[in-house]
Amino acid sequence: VYAYNAIISGFVANNLYNEGFKLYLHMRCHGVPPDKFTFPCAIKGCSDVLEVKKINGLLFKFGLELDLFVGSALVNCYLKFGCVDDAYQLFDELPVRDVVLWNAMINGYMHIGEFGMALEVFKRMSDCMVVPNNFTTTGVLSALAMSADLDNGHAIHGFVIKRGYDSVVAVSNALIDMYGNCKCIDEAVRIFELITEKDIFSWNTVIGVNEQTGDHQGTIEFFRRMLDSGVRPD
RNA sequence: UGGCGUUA
């Protein structure tokens, strides 16, 4: 089982979802019992909801129905396929909810365009004394960017500074996107300039934000700086 | 050997 897990995990980590899932089926065919390491990867490898439900039904047999890692993978997968009710029911049944599980709910709602629900879950999470991490923060900021919600965006920005997440590139990138979509171009660019290690997301986002203003010269200038910085355009 | 995040 250890060997199967290692290879399945390798496949899904490299986006070879079908290969990963096929290997999971292969191990089942050969009577190798899967464990709590197998399922999160196998779930990620599922390409349709029926396979996910099949695995979900199997969990009881292995006593893994309350495993947080398996549960998070399921919640994530259900929301990816738009099965909000299944995801919520699972979330509700898990007795212990860690930050990753909350994140899976928030980002799942975001993924299907339910920005209001994403924000609701975020608030509930804080009520439950679970501290949002930088994954949570990037997800919520992205939801606020999509809904151009500057008020909540400002509030989250304050939280980001309080917790020191402003040193995390992905968080800064999400802030740039949020301010950009809220038409606060100067603030977006200010945050961009503060990033010490600008990545491909930083450049793409700031270029997109700047271009919205119709300032083509500025956009070209950002692009030139991007090339100079050694980040390859994609 | 395991689950969640930012642009397009």
Side-chain angles (χ1 to χ4, degrees), chain A residues 1-13 20 23-24 27 32 34-46 52 55-56 59 62 64 66-80 87 90-91 94 96-111 118 121-122 125 130 132-146 153 156-157 160 165-166 168-181 188 191-192 195 197-212 219 222-223 226 231-234:
Chain A
V1 63
Y2 191 98
Y4 271 109
N5 289 348
I7 300 172
I8 294 173
S9 135
F11 277 136
V12 299
L23 192 57
Y24 161 75
M27 87 187 273
V32 180
D35 65 7
K36 62 176 178 177
F37 292 88
T38 318
F39 285 117
C41 291
I43 291 162
K44 247 191 184 180
C46 290
V52 186
I55 291 184
N56 196 353
L59 294 177
F62 295 94
L64 292 173
L66 300 182
D67 187 280
L68 255 183
F69 283 62
V70 177
S72 302
L74 276 174
V75 165
N76 201 40
C77 208
Y78 275 136
L79 286 171
K80 194 171 71 184
L90 231 139
F91 173 84
L94 289 169
V96 180
R97 305 188 188 113
D98 72 355
V99 66
V100 176
L101 179 62
W102 284 99
N103 291 350
M105 286 297 286
I106 293 171
N107 295 319
Y109 275 126
M110 237 211 61
H111 184 87
V121 176
F122 176 75
M125 160 183 194
V130 176
N133 65 8
N134 43 358
F135 283 68
T136 326
T137 312
T138 47
V140 173
L141 281 170
S142 172
L144 298 175
M146 301 285 265
I156 303 290
H157 191 179
V160 162
Y165 294 156
D166 45 344
V168 178
V169 193
V171 173
S172 293
N173 294 344
L175 278 170
I176 296 168
D177 189 40
M178 187 275 294
Y179 279 117
N181 278 358
I191 292 166
F192 169 80
I195 302 175
E197 301 266 327
K198 300 173 179 61
D199 66 10
I200 182 79
F201 289 87
S202 318
W203 289 106
N204 287 348
T205 308
V206 83
I207 284 171
V209 163
N210 189 79
E211 183 56 21
Q212 281 178 25
T219 300
F222 276 123
F223 185 66
M226 172 178 185
V231 173
R232 273 171 62 109
D234 63 2

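All values reported here derive from a predicted model rather than from experimental measurement. A, B, ... follow the sequence lines: proteins, then strands. Residue 1 opens every chain. Values below: every heavy atom of this structure, side chains too, minus hydrogens, waters and symmetry copies.
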For nucleotides 3-8 of chain B, just jot down a letter per nucleotide in 5' to 3' order: B, S or -, based on protein non-hydrogen atoms under 4.0 Å.
BBBBB-
I need the minimum non-hydrogen distance between A:Leu141 and A:Ala174, along with the two atoms involved.
CB-CB, 3.8 Å
For A:Asp166, is there any backbone N or O sitting under 3.5 Å from a side-chain donor or acceptor partner on A:Ser172?
yes
Nearest atoms (heavy-atom pairs only) where A:Asp35 meets A:Leu64:
C-CD1, 3.8 Å
Indicate whether any N or O donor in one side chain lies under 3.5 Å from an N or O acceptor in the other, for A:Asn134 and A:Thr137.
no
Dot-bracket for RNA chain B, please, read 5' to 3', with Watson-Crick or G-U wobble pairs under 3.5 Å on both distances, ( ) within the strand, [ ] crossing, | other strand, . unpaired.
........
Check whether the side chains of A:Asn173 and A:Asn204 place a donor and an acceptor atom closer than 3.5 Å, and report yes or no.
no
Does the A:Asn210 side chain pair with the main chain of A:Val206, one donor and one acceptor, at a distance under 3.5 Å?
no
Do side-chain atoms of A:Ser142 reach the backbone of A:Thr138 as a donor and acceptor pair under 3.5 angstrom?
no
